[in-house]
Protein chains: 2
Amino acid sequence: MPDPQTTASRRERLRTQTLQELKAASLAEVRERGAVGLSLRSVARRLGMSPAGLYRYVDSREQLLTLLIADGYHDLADHLLAALGTPPAERTAGDGATPEVPVIAGPDDDVAERIRAVALAYRAWSVAHPNVFGLLFGDPIPGYHAPPGGPTVEAMNRVGRALAQPLIEAWHQGRLRLHPALDAEELAGPLAPMVPVTAELPPAVLARLLLSWGRLHGQVSLEVFGHHHWLLPEGCEELFRADVEVTLRDLGVT
Amino acid sequence: MPDPQTTASRRERLRTQTLQELKAASLAEVRERGAVGLSLRSVARRLGMSPAGLYRYVDSREQLLTLLIADGYHDLADHLLAALGTPPAERTAGDGATPEVPVIAGPDDDVAERIRAVALAYRAWSVAHPNVFGLLFGDPIPGYHAPPGGPTVEAMNRVGRALAQPLIEAWHQGRLRLHPALDAEELAGPLAPMVPVTAELPPAVLARLLLSWGRLHGQVSLEVFGHHHWLLPEGCEELFRADVEVTLRDLGVT
DNA sequence: TTGCACTGCGAACACTGTTCACGTAAAAAC
DNA sequence: GTTTTTACGTGAACAGTGTTCGCAGTGCAA
């Protein structure tokens, strides 16, 4: 896999470099002011460029946001995979500026510990980058829909696979308890489109994956968006850990 | 309780009336274009007013949004209470324009059915008003924090109480299974501030309430924000129902 | 009837995303 | 080595935004 930094022409090198700077400056702005606070003129000032000059690198503000969204998914996926002990074989697309290293999972056969690891990493990344979390999982851009095979969906898939991985391991070990409600044939139809992305898993397992992600996400979402910040003034990591334990018990892996 | 429509002076009547129109027009704009798409000049045009005139009724765009947020919480709470069969004794603050009537709960002693009713009503309201849902639970306004005793928090509390009500009933009937992880003494401290709002409930029950809300919310949030819309093209009510059943089983009420 | 607080308006300011014509510098073609 | 084409960057402009200010009227109370 050739490195574009060395093989590409001088033009292309400069181009990708300033595009990286553009995205970095925009990401910084999103980090401090949120997605709605991203101003093209402001990032142009940061780069010492004219506002019009940005349009040589980006079609619109909206497209710039989708670039940041894809990068954000990749960054989150990298952290989840790191928490699972996966070596950085996959490319790291985010800027990787997160200081703290997430919990390293235990031995590979300890599924419960691996599930804890991804869950805690999901929460740790989210509370560390609340505005990026909001960019990824908050209000969608009103009219926008990600192109089906595009880089956003691919990046999102990496997150999904990282979250699903330990659960799939548990299922392969026969340690994933399934619930009769998940075997309803009404689920087979709606879940069919998932099959190409998650290999040949029975619908009940697919449902388990989606529902587990939903539980995890709900807890993190409420905390990051400050919706029980007025109930629980401090960050509630203990509550989150308790939730993970309850879910582990419910999944049957502990 | 005197009706301000009749007792107040003519001035005040006109004032509250145009304020209602202002909020209604703003809510309509939010409904179609989302919270970020709310434009003061646009609602001024709808009302046939000058943009500057709005500032006689509203301090800023941000304050107008918080008014809509409080109304949104009240509207959601009304729907949850209606699903529980509560008569409209509490005032209805939303515009109540939701067409479909949520599921009416079964007999009062059937806690499982009552929990199903609130959960389904929560989802039904959310998918019916995705942009208002985003206003309530999406990205928070960057620098904003709701004033602790203000109307926003009070409205939010009504939602919380409606969600908690059937679970508390289940606990009173001794049918709520608690998990040992919820009894950890680390939770007692962080949960202490909740006590004034939810009477004298043991920390394990409080934790159950928060965690159950989180699960419910995560599933709804992912669906409303379209985060598995590319996996499950159709709305996944079946998946949600399955989640509710799994949760009911986990809670021990079924 | 006289004062006064309230309501609304037009103009203005500072800001935003985006487009367009216009140079200039680098790469490509001859 | 010269010429042509392509890419880059700019300043000015347009339409739109939230917000403020000074100035008219109008309804209410003394």
Side-chain angles (χ1 to χ4, degrees), chain A residues 4-23 25-30 32-69 135 139 141-144, chain B residues 4-23 25-30 32-69 135 139 141-144:
Chain A
Q5 287 286 345
T6 61
T7 115
S9 73
R10 168 180 165 81
R11 260 265 180 72
E12 298 180 25
R13 267 186 302 146
L14 289 183
R15 177 170 183 81
T16 65
Q17 177 181 335
T18 63
L19 184 87
Q20 297 296 342
E21 291 178 19
L22 202 170
K23 292 202 293 183
S26 307
L27 180 60
E29 191 123 325
V30 167
E32 23 185 300
R33 282 197 265 283
V36 288
L38 174 65
S39 152
L40 287 188
R41 294 185 112 103
S42 174
V43 317
R45 281 191 291 270
R46 286 205 200 208
L47 299 184
M49 266 212 288
S50 158
L54 299 185
Y55 284 79
R56 300 286 157 179
Y57 298 90
V58 147
D59 291 344
S60 65
R61 193 189 108 107
E62 181 177 310
Q63 192 236 340
L64 172 59
L65 279 176
T66 72
L67 292 181
L68 296 183
I69 289 175
L135 177 67
D139 311 272
I141 302 178
Y144 178 73
Chain B
Q5 288 286 344
T6 60
T7 114
S9 72
R10 170 180 165 81
R11 262 268 182 71
E12 297 181 26
R13 268 187 300 148
L14 289 182
R15 178 171 182 80
T16 64
Q17 178 181 335
T18 62
L19 183 82
Q20 296 296 342
E21 291 179 19
L22 202 169
K23 291 201 295 183
S26 306
L27 180 60
E29 191 123 322
V30 166
E32 23 186 300
R33 283 197 265 283
V36 288
L38 174 65
S39 153
L40 288 189
R41 294 184 114 103
S42 173
V43 317
R45 282 191 290 269
R46 286 205 200 208
L47 299 185
M49 267 214 285
S50 158
L54 299 185
Y55 284 80
R56 300 288 154 175
Y57 298 89
V58 146
D59 290 345
S60 64
R61 193 189 108 109
E62 181 177 307
Q63 193 236 339
L64 172 59
L65 280 176
T66 73
L67 292 180
L68 296 183
I69 289 175
L135 176 66
D139 312 270
I141 303 176
Y144 178 73

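Contact check on B:R61 versus B:E29 returns no salt bridge, with no Lys/Arg side-chain nitrogen under 4.0 Å from an Asp/Glu carboxylate oxygen.
For A:R45 and D:dT10, the CZ to C1' distance is 16 Å, given to the nearest whole Å. Across the protein-nucleic acid pair, B:R15 atom CZ and D:dT26 atom C1' stand 15 Å apart, rounded to whole Å. Look at CD on B:E12: it is 21 Å from P on D:dT26, rounded to the nearest Å. At whole-Å resolution of the value, CE in A:M49 and P in C:dG17 are 14 Å apart. Remark: P of D:dA7 and CD of A:Q17 are 19 Å apart, rounded to the nearest angstrom. Atom CZ in A:R56 sits roughly 12 Å away from atom P in C:dA21 (whole-Å rounding). Spacing between atom CG of A:L64 and atom C1' of C:dT16 amounts to 15 Å, rounded to whole angstrom units. One atom, CD of A:Q63, and another, P of C:dG17, lie 15 Å apart when rounded to the nearest Å.
Comparing D:dT10, C:dG8, D:dG18 by their nearest atom to the side chain of A:A52 picks out D:dT10. The side chain of A:Y57 sits closest to D:dG9 out of D:dG9, D:dG18, C:dG8. Candidate nucleotides C:dT18, C:dC22, D:dG18 were compared by shortest atom distance to the side chain of A:R61, and C:dT18 ranks first.
Between the CD1 atom in B:I141 and the CG atom in B:L65 there is a gap of 5.0 Å [rounded to 0.5 Å].
Taking both residues in full, the closest heavy atoms of A:L54 and A:A44 are given as CD1-CB, 3.9 Å, listed atom of the first, atom of the second, then distance.
Comparing B:G53 and A:L38, the nucleotide of DNA chain C nearest to each residue sits closer to the 5' end for B:G53. Residue-to-nucleotide proximity on DNA chain D shows that, of A:L54 and A:R41, the 5′-proximal contact is made by A:L54.
No engagement by B:T18 is indicated, since no non-hydrogen atom pair under 4.0 Å with the nucleic acid exists. Counting any heavy atom pair closer than 4.0 Å across all strands shown, A:S50 reaches a base atom.
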Next on the checklist: Go through it in stages, so that I can follow the logic: the residues are A:S42 and A:R33, the test is side-chain contact (heavy atoms from CB on, under 4.5 Å), and I'd like the CA-CA distance, side-chain angles, deciding distance and then a yes or no.
Outcome noted: CA-CA 11 Å; A:S42 174; A:R33 282 197 265 283; 3.9 Å; yes

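Distances shorter than 4.0 Å separate some side-chain N or O of A:S39 from OP1 or OP2 on C:dG17.
You'll find the side chain of B:T18 stays beyond 4.5 Å of the side chain of B:L47, heavy atoms only.
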